[in-house]
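We name chains A, B, ... by the order of the sequence lines, and we start the count at 1 in each one.
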Amino acid sequence: MGFELLLQNILNPPVLMFLLGLGAVLLRTELEIPQPLPKLFSLYLLIAIGFHGGYELSKSGITFEVAKVLLLAILMAVAVPIYAFFILRLKLDVYNAVAIAATYGSISAVTFITAGSFLNTLGESYGGYMVAAMTLMESPAIIIGLILLTLFAKRGNNSQTDWKEVFREAFLNPSVYVLMGTLIIGFLTGEKGWKAMEPLFGSLFKGMLAFFLLDMGLVAGRRIGEIKKVGIFLVAFGVLLPIFNAIISIAIVKFFGLQKGDAFMFSVLCASASYIAVPAAMRLSVPEANPSLYVTMSLAITFPFNIAVGIPLYYFIVNSLWG
Amino acid sequence: MGFELLLQNILNPPVLMFLLGLGAVLLRTELEIPQPLPKLFSLYLLIAIGFHGGYELSKSGITFEVAKVLLLAILMAVAVPIYAFFILRLKLDVYNAVAIAATYGSISAVTFITAGSFLNTLGESYGGYMVAAMTLMESPAIIIGLILLTLFAKRGNNSQTDWKEVFREAFLNPSVYVLMGTLIIGFLTGEKGWKAMEPLFGSLFKGMLAFFLLDMGLVAGRRIGEIKKVGIFLVAFGVLLPIFNAIISIAIVKFFGLQKGDAFMFSVLCASASYIAVPAAMRLSVPEANPSLYVTMSLAITFPFNIAVGIPLYYFIVNSLWG
Amino acid sequence: MGFELLLQNILNPPVLMFLLGLGAVLLRTELEIPQPLPKLFSLYLLIAIGFHGGYELSKSGITFEVAKVLLLAILMAVAVPIYAFFILRLKLDVYNAVAIAATYGSISAVTFITAGSFLNTLGESYGGYMVAAMTLMESPAIIIGLILLTLFAKRGNNSQTDWKEVFREAFLNPSVYVLMGTLIIGFLTGEKGWKAMEPLFGSLFKGMLAFFLLDMGLVAGRRIGEIKKVGIFLVAFGVLLPIFNAIISIAIVKFFGLQKGDAFMFSVLCASASYIAVPAAMRLSVPEANPSLYVTMSLAITFPFNIAVGIPLYYFIVNSLWG
Amino acid sequence: MEAMKKVEIVVDSVFLNRVLEILGRAGVSGYTVIKDALGKGERGIMAGDELTDVFKNSYIFTVCTEETVNKIVQELRPLLKKAGGVCLVSDVLWLTH
Amino acid sequence: MEAMKKVEIVVDSVFLNRVLEILGRAGVSGYTVIKDALGKGERGIMAGDELTDVFKNSYIFTVCTEETVNKIVQELRPLLKKAGGVCLVSDVLWLTH
Amino acid sequence: MEAMKKVEIVVDSVFLNRVLEILGRAGVSGYTVIKDALGKGERGIMAGDELTDVFKNSYIFTVCTEETVNKIVQELRPLLKKAGGVCLVSDVLWLTH
Ligand SMILES: Nc1ncnc2c1ncn2[C@@H]1O[C@H](COP(=O)(O)O)[C@@H](O)[C@H]1O
Ligand SMILES: Nc1ncnc2c1ncn2[C@@H]1O[C@H](COP(=O)(O)O)[C@@H](O)[C@H]1O
Ligand SMILES: Nc1ncnc2c1ncn2[C@@H]1O[C@H](COP(=O)(O)O)[C@@H](O)[C@H]1O
Ligand code: NA
Ligand code: NA
Ligand code: NA
């Protein structure tokens with residue numbers, strides 16, 4: 001893998017800001033970005049990415065290519081949590097296996113955004129429909145997870161799964177809703193809408209991402225102390241499954257003939273793990289699982305790995321194949 | 001009324017974001033924009049509108065036209081709560097009639113701002129002194145309300161109106177203060193000041209408005225459940241009084257020969273109802289009135305009505321008359 | 001001192017916004033900018049100034065001139081708290097003398113930033129390494145203060161100074177860390193990094209400064225009521241020591257041949273007093289000292305004085321000497 | 001440790017200052033305030049997340065002597081009658097230092 | 001002043017709504033909630049500052065009769081068993097107005 | 001339900017960590033913290049809204065046995081002497097699950 005690629009990724013303000021955040025925790029400074037500021041940043045990023053995706057989609061239109069990508073997205077979002085679950089069951093009880101599998105079956109919007117910014121600095125781009133793909137990939141893992149739970153767990157009577165609640169958590173969690181909503185708004189208002197929104201949601205985007213990654217670094221850093229409790233199996237899982245997912249997904253999209261930028265972004269989606277939507281759903285539906293495991297793995301292992309190493313690595317693979 | 005006008009208004013990012021916020025509540029997603037983020041947005045909008053208005057005023061100067069507009073503004077701000085009170089007394093006790101009358105006698109800055117953005121997309125504009133007019137229209141309704149209360153309510157001795165407090169609430173509430181202050185600063189620093197502030201308070205304005213309207217949608221949505229408790233009389237009042245106020249005010253400003261853009265913005269001010277300043281004052285001075293009535297009417301009925309239907313309707317009327 | 005200079009300083013949006021904030025408290029409006037919004041603004045300003053300084057430094061390189069400035073910065077940061085302490089001991093006990101001396105030995109980033117904006121409106125500039133100088137000047141006063149404490153205070157056994165904690169508070173407090181970190185990031189990512197960050201951390205800078213100074217005005221205003229408890233000696237100290245520091249530092253940098261813009265910014269650093277980092281450290285390490293003294297002096301006396309009068313005054317002196 | 005009374009008050013946050021004035025007049029040695037509290041009572045739900053800050057409570061407690069409690073109660077009652085809210089009294093031991 | 005019971009509950013904030021439903025079913029006349037509370041217990045540290053809002057508690061209290069306490073306790077116990085948290089009961093005097 | 005002691009502490013928030021360390025050393029099974037509390041006491045008003053975070057309190061409570069209370073009190077007293085603050089002890093019943 002090209003060393004310059006790794007360097008080019010790391011020598012980017014967003015990634016360096018993430019490291020700055022990590023360092024702040026490791027050096028025990030008292031830097032913090034208290035709530036609801038992180039909520040402001042993440043909302044901003046969701047709206048910006050949704051809006052921009054919708055605008056791009058309004059330019060390209062909804063084509064056969066788009067439909068293909070969306071179907072592949074759903075396919076992977078269903079497949080990943082299933083095979084992840086069976087791998088995890090080698091070592092874990094059903095509850096924790098379900099929660100972690102769901103976490104890795106879903107996606108991380110910030111990883112996607114950072115990958116987009118990386119692609120951008122290389123002068124390449126991806127289709128606006130990838131945002132729609134991302135949105136579709138958030139939810140299925142939650143449903144799959146709870147189906148696996150019903151199939152494999154023997155729970156007492158009073159903790160039956162409340163399926164209505166589960167579907168609401170899956171399909172109407174805030175980030176799915178905002179992404180989908182702003183995608184539609186961006187699509188409907190097209191060129192004119194984007195022109196009005198661009199100063200806030202376009203030009204400031206990279207700066208806001210950098211600002212937010214500082215916070216992500218703080219949050220990830222605070223979880224790092226928990227890694228030792230996670231155990232070697234799960235640490236390895238948190239690094240290897242993303243790579244595995246990326247490779248599988250690259251093979252599939254190569255087969256189906258996606259474009260290079262889309263293929264890369266798709267692999268990043270498959271490799272990323274959720275740290276907001278799924279943990280929230282799992283905490284409510286599978287309180288037997290230990291959030292210190294699934295949140296720590298997603299935030300303190302997989303997220304930093306993807307940001308620093310995964311993104312250039314997946315790009316390197318895609319680049320070798322698409323050329 | 002031109003259907004395209006309605007569509008043109010709705011197919012705007014800010015209005016669509018408002019609907020997105022409404023939908024989030026109706027679909028019971030857990031989307032929220034917690035305090036103090038709404039405070040940040042509303043403060044931003046007040047500063048931006050004040051600053052820009054002051055800058056425009058520094059270009060146009062303070063003319064006879066300006067004085068005329070300001071006087072008409074005060075006139076309407078005094079008249080509306082009085083006739084609103086007597087209409088409301090048909091069905092309500094004195095306390096609630098006072099609180100609602102004051103709410104509708106005052107104005108909503110966000111409605112004004114959204115109307116300005118609508119006017120802008122039509123390629124038209126209004127004078128910077130309209131911001132001064134808006135500022136002058138916030139306070140009188142509070143005073144008038146409490147005068148009506150003293151005249152018509154028989155309260156026990158220990159709840160006498162504390163007039164000093166009332167005047168402070170009316171003329172020194174945060175939004176009046178910030179609007180007036182930044183208007184003056186914008187006026188004093190003129191071209192040079194605006195050039196320095198424009199990147200933040202100018203270019204980002206529409207995006208911030210859209211962001212804030214998402215929150216307004218959430219807030220309004222949460223109140224919608226209360227509408228049924230409000231009763232048919234007050235629901236009708238919440239829609240018809242704004243239309244009535246708009247028509248009256250358009251007639252008056254036509255008589256006094258205002259320009260088209262100013263006339264439209266003036267009608268929007270008269271049609272809008274307060275949901276921050278006046279409710280805060282009423283809660284303190286008229287605790288006997290039920291905030292579920294006046295806040296719900298202003299936020300969940302009149303505000304959405306104005307944003308979605310009122311603005312294009314008033315524009316349609318103004319446009320027919322001014323041509 | 002040129003009266004136009006004073007006027008030119010005051011007729012700037014940031015300074016006027018500060019006065020607006022002050023006025024809001026004096027007129028007892030209920031305007032407030034609640035936490036964590038001030039944290040957002042101050043973090044933004046630190047990142048922006050650090051990043052931009054790093055970028056400037058990457059253009060100019062690290063020269064002999066830079067090393068000279070940094071050494072002078074450390075010199076002043078060590079000298080000021082020492083002579084301040086002995087002046088303060090004329091009237092105060094050791095604890096309060098230490099805390100106030102440390103406060104005035106350190107610096108205020110917002111004063112620096114406001115001075116930079118003032119310089120900018122005059123069409124002049126300063127070197128990016130001044131940000132590094134500022135960063136170096138934050139910490140020494142804390143250490144010096146606690147050395148003075150150990151030398152002169154007779155404390156019981158169980159309140160021995162925890163030096164490890166003190167060093168962490170001094171060198172790893174959030175603002176030092178963020179400034180230093182973003183300075184390095186700005187330096188490493190150079191032209192390309194700054195281009196990506198400029199829309200957020202460059203163009204919006206002046207507007208954000210104005211927004212933040214509104215908050216500083218509120219905070220300072222709230223402390224003004226405490227001034228009478230501070231006593232005439234400390235009020236005089238809060239105005240005269242900054243002037244004295246500015247004069248001393250201008251003499252020194254003149255001797256060492258700094259450039260005009262740098263000299264001015266250096267004098268502002270020496271004249272300014274800390275109101276976040278040092279008070280936090282003092283509260284923990286010298287709880288015997290009264291925060292109503294050192295916070296009030298720094299926030300309600302020295303900060304407003306520097307913003308309104310000090311900055312043009314120091315510029316006037318520098319301008320007379322450098323011409 | 002000294003036996004004292006703890007008075008807890010929940011009130012619409014717009015009346016926080018009035019309550020603090022009452023405590024001051026009753027001569028308490030201090031108080032603690034948690035500004036943002038939600039709640040439900042006779043006057044409906046105070047969901048608190050509104051833009052408008054209407055529908056938000058504040059929580060106050062003070063530790064004082066029985067005598068002071070009586071003064072507080074007397075002044076507070078009419079305010080609570082008008083504005084709603086809750087006032088509770090219980091026994092605590094205060095660590096004197 | 002009326003002798004009542006005060007029930008205090010600390011629970012992972014994701015279960016706040018469940019607790020409020022239980023209080024409602026038990027027939028309390030009202031409650032007060034402080035949404036953001038941190039803590040430490042059997043289930044580890046709830047440091048609360050996470051992006052994810054996992055690891056955050058809510059604090060609820062209600063004043064009610066002894067009878068109501070029993071209803072609350074009965075329904076609450078299984079929830080606390082599953083989800084963790086704390087429930088405390090103490091005596092208070094309620095200022096009736 | 002088990003009879004226990006509730007210890008409530010209000011302290012300048014800069015000393016929150018010290019208090020939690022003391023609780024840890026005294027062997028409490030858990031604690032709950034509300035980070036932002038305002039207040040007034042001997043050391044003046046803690047109005048809390050300052051940029052500087054000076055003048056802000058934190059509120060902590062823990063439920064424990066009488067024995068543990070004594071340990072807490074012993075270690076806490078010198079801290080409160082130096083840094084101000086309040087410590088209260090009262091009786092509660094703890095719902096064991
Ligand atoms: N039984 C109760 N227990 C705890 N808090 C209560 C109770 N009743 C009312 N409150 C609090 O007091 C506020 C005002 O009550 P009310 O005046 O009855 O609407 C409510 O919003 C609650 O926060
Ligand atoms: N002994 C205790 N005293 C006060 N609060 C406690 C105690 N034990 C637990 N808590 C609170 O209850 C939450 C959940 O406790 P647990 O279920 O034991 O993890 C903790 O995060 C604390 O906020
Ligand atoms: N009598 C009291 N009742 C309730 N809280 C108090 C009382 N006295 C002091 N406090 C709290 O403890 C903090 C520190 O108190 P002090 O050390 O006396 O200044 C105050 O800011 C209050 O939050
Ligand atoms: Na994934
Ligand atoms: Na009106
Ligand atoms: Na200094």
Begin with the C-alpha distance, continue with both residues' side-chain angles, and end with the deciding distance and a verdict on side chain to side chain contact (heavy atoms under 4.5 Å, CB included) for E:Val7 and E:Leu23.
CA-CA 10 Å; E:Val7 181; E:Leu23 296 186; 5.8 Å; no
As a quick check of understanding, evaluate side chain to side chain contact (heavy atoms under 4.5 Å, CB included) for D:Ile34 and E:Tyr59, giving each step before the final call.
CA-CA 12 Å; D:Ile34 294 170; E:Tyr59 171 85; over 6 Å; no
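For D:Val89, the parts lying near chain E are the backbone and the side chain together; criterion is any non-hydrogen pair under 4.5 Å. Contact of E:Val92 with chain D is made through backbone and side chain together, with heavy-atom distances under 4.5 Å.
Of all the listed residues (D:Gly41, D:Gly85, D:Cys87, D:Ser90), the one sharing the greatest number of non-hydrogen pairs under 4.5 Å with chain E is D:Cys87. Across D:Val73, D:Asn57, D:Leu76, D:Asp36, the residue that shares the most heavy-atom pairs under 4.5 angstrom with chain E is D:Val73. Of the listed residues (D:Lys6, D:Arg77, D:Glu42, D:Lys81), the greatest number of heavy-atom pairs within a distance under 4.5 Å of chain E belongs to D:Arg77.
We find that E:Lys5 and E:Asp91 are joined by a salt bridge, their nearest charged nitrogen and carboxylate oxygen being less than 4.0 Å apart. Checked for salt-bridge contact, D:Lys56 and D:Asp12 miss the test: no charged N lies under 4.0 Å from a carboxylate O.
Between D:Asn70 and D:Glu67, every side-chain heavy-atom pair lies at or beyond the 4.5 Å cut-off.
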